[in-house]
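Just so we're on the same page: letters track the sequence lines, and every chain starts at 1.
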Protein chains: 2
Amino acid sequence: MTLQIDAVDRKLLRALQEDSRKSVQVLGEGVGLSASACHRRLKALEEQGLIEGYRAVLNAGKLGYSMQFFIEVGLTSQSETALEAFETAVQDIPEVLECHLMAGQSDYILRVVCQDHDDFERLHRRLSARLPGVARIHSNMSIRTVKARTGLPV
Amino acid sequence: MTLQIDAVDRKLLRALQEDSRKSVQVLGEGVGLSASACHRRLKALEEQGLIEGYRAVLNAGKLGYSMQFFIEVGLTSQSETALEAFETAVQDIPEVLECHLMAGQSDYILRVVCQDHDDFERLHRRLSARLPGVARIHSNMSIRTVKARTGLPV
DNA sequence: GTTGAAATTAGCCACCC
DNA sequence: GGGTGGCTAATTTCAAC
């Protein structure tokens, strides 16, 4: 998996992370390439898997998701089966946007969004009572999002 | 800000979160709408600000970002100026993808990505030594990403 | 809300240097 | 690796329903 990305590719990736609706024409102008040359670059980046997909970014607040939490979860057992059971269960909870297996004291960190307090209580109950092998839960509420990059540093 | 979103809009938003490159034609077919009617819906969703933008999602691993951390930061002071100074400084660090002001014991939680150990050490030094008013830092490394939704539950 | 058509733009491909 | 040109398909706007 030796990927050779040059400065032009990086510029294209940066531009597409900001706005994937730019046409190959204007993308090409931004890097000093013709539309077709730029098109070939993009296809290559897609085929190499560097570009995983193109997604619409929605406004969480306007969709009613006003609360965000980082939830630390500790399991009663760190056995293979315990981890698998927890991970499978977590996939089915739509409010859980991210789940990471962690090094250190907490087994998992979850990033979740909620519409309101009731929503969070339901989620909290579901995590602590209905998920397999959960020993402890510690919820940290985000008061305000200071920074939220949508993409990676390229 | 009373937004009226019906079931058709939700379906469109769901589809666009998965793949924003679908044509208005196929999007319309998915919800039982003509292309032009579907197009009007999309424009309305954009103008309402429900759709913030369209972005390319890149593969972190293939770009060399193999490490991910959640870093808890405590400040020496929680004064207005201390928070502002920290938040301004954090904006300039590209590896910091997210920064949240938190309720509870930690003042901030940062989600950061790194290419390697050196990269992380540099970042750690920069956070603890060069950022204003930092009292303590606790880094939690993600061993594996179990779940990573790109969008919101719509 | 729909259809259909027109004008514009973008994506794509074969062929060239 | 690069560019030109042309065909096809998509977007976008519009009139009329």
Side-chain angles (χ1 to χ4, degrees), chain A residues 1-60 62-64 149-154, chain B residues 1-65 115 150-154:
Chain A
M1 203 223 285
T2 343
L3 295 171
Q4 44 187 27
I5 316 293
D6 63 8
V8 173
D9 287 328
R10 282 183 198 283
K11 274 193 184 178
L12 290 175
L13 292 176
R14 258 198 297 273
L16 287 172
Q17 279 196 137
E18 281 174 23
D19 178 13
S20 65
R21 287 260 163 134
K22 289 195 188 88
S23 68
V24 291
Q25 177 72 39
V26 306
L27 283 170
E29 285 166 8
V31 296
L33 243 56
S34 72
S36 64
C38 181
H39 183 253
R40 269 197 296 267
R41 291 265 193 166
L42 295 181
K43 286 299 143 197
L45 290 169
E46 287 170 8
E47 272 154 30
Q48 286 172 101
L50 269 158
I51 298 175
E52 292 190 338
Y54 301 91
R55 315 238 143 83
V57 177
L58 308 186
N59 185 302
K62 296 196 178 180
L63 282 165
R149 269 194 68 135
T150 47
L152 296 163
V154 187
Chain B
M1 203 220 286
T2 342
L3 295 172
Q4 44 187 29
I5 316 292
D6 63 8
V8 172
D9 288 328
R10 282 183 198 283
K11 274 193 182 178
L12 290 175
L13 293 175
R14 258 198 297 273
L16 287 172
Q17 280 196 136
E18 282 174 22
D19 177 13
S20 64
R21 287 263 163 132
K22 290 195 188 88
S23 69
V24 292
Q25 177 73 40
V26 306
L27 283 170
E29 285 166 7
V31 297
L33 242 54
S34 71
S36 62
C38 182
H39 182 252
R40 265 200 300 271
R41 292 264 193 169
L42 296 181
K43 287 300 145 198
L45 291 169
E46 286 170 8
E47 273 154 31
Q48 287 173 100
L50 269 157
I51 299 175
E52 292 190 337
Y54 301 92
R55 317 242 142 85
V57 177
L58 308 186
N59 186 303
K62 296 197 176 178
L63 282 166
Y65 290 100
Q115 309 232 27
T150 46
L152 295 163
V154 186

Participant: So does B/Arg41 reach the base of C/dG1 with its side chain, donor to acceptor, closer than 3.5 Å?
Facilitator: no
Participant: Closest to the B/Ser36 side chain: D/dT4, C/dG4, C/dG11?
Facilitator: C/dG4
Participant: Out of D/dT11, C/dA10, D/dG3, which nucleotide sits closest to the side chain of A/Ser34?
Facilitator: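 Looking only at side-chain atoms, A/Ser34 lies closest to D/dG3.
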Participant: I want to check something: taking the side chain as every heavy atom from C-beta on, are A/Val57 and B/Ile51 in contact at a cut-off of under 4.5 Å?
Facilitator: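 They are not in side-chain contact.
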Participant: Kindly state each residue pair satisfying salt bridge (Lys or Arg N to Asp or Glu O under 4.0 Å) with at least one member in residues 18-32 of chain A, sequence neighbours excluded.
Facilitator: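 Not a single pair qualifies under salt bridge (Lys or Arg N to Asp or Glu O under 4.0 Å).
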Participant: I need the OH-C1' distance between B/Tyr54 and C/dA10, as an integer number of Å.
Facilitator: 16 Å
Participant: Starting at CG of B/Asp9 and ending at P of C/dG1, how long is that distance when rounded to a whole Å?
Facilitator: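 Checked: the CG to P distance equals 8 Å.
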Participant: Would you please test B/Arg41 and B/Asp6 for side chain to side chain contact (heavy atoms under 4.5 Å, CB included) and show each step?
Facilitator: CA-CA 11 Å; B/Arg41 292 264 193 169; B/Asp6 63 8; 2.9 Å; yes
Participant: Mapping A/Cys38 and B/Lys43 onto DNA chain D by nearest heavy atom, which one lands closer to the 5' end?
Facilitator: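 Closer to the 5' end of DNA chain D: A/Cys38.
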Participant: Between atom CG in B/Leu42 and atom P in C/dG1, what is the gap in whole Å?
Facilitator: 12 Å
Participant: Could you tell me how far apart A/Glu29 (CD) and C/dA10 (C1') are, to the nearest whole angstrom?
Facilitator: 13 Å
Participant: Apply side chain to side chain contact (heavy atoms under 4.5 Å, CB included) to residues B/Leu27 and B/Leu16 and explain how you reach the verdict.
Facilitator: CA-CA 9 Å; B/Leu27 283 170; B/Leu16 287 172; 3.8 Å; yes
Participant: When the nearest nucleotide of DNA chain D is assigned to A/Gly32 and to B/Ala35 on a heavy-atom basis, which residue is associated with the more 5' position?
Facilitator: A/Gly32
Participant: Measure CG/A/Leu45 against C1'/C/dG11 and give the value in whole Å, please.
Facilitator: 17 Å
Participant: Tell me the interatomic distance from A/Glu46, atom CD, to C/dC12, atom C1', rounded to whole angstroms.
Facilitator: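 To the nearest whole Å, that distance equals 13 Å.
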Participant: Could one point to a donor on the side chain of A/Arg40 or the base of D/dG1 with an acceptor on the other under 3.5 Å away?
Facilitator: no
Participant: Taking atom C1' of D/dA10 as reference, at what distance in whole Å does atom CD of B/Gln25 sit?
Facilitator: 9 Å
Participant: Can you tell me if B/His39 touches the phosphate of D/dT11, counting only side-chain N or O atoms and a distance under 4.0 Å to OP1 or OP2?
Facilitator: no
Participant: Between C1' on C/dC17 and CG on A/Leu33, what's the gap in Å once rounded to a whole number?
Facilitator: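 For the pair A/Leu33 CG and C/dC17 C1', the rounded distance is 15 Å.
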Participant: Evaluate the side-chain proximity of A/Arg14 to A/Val31: yes if any heavy-atom separation is below 4.5 Å, no if none is.
Facilitator: no
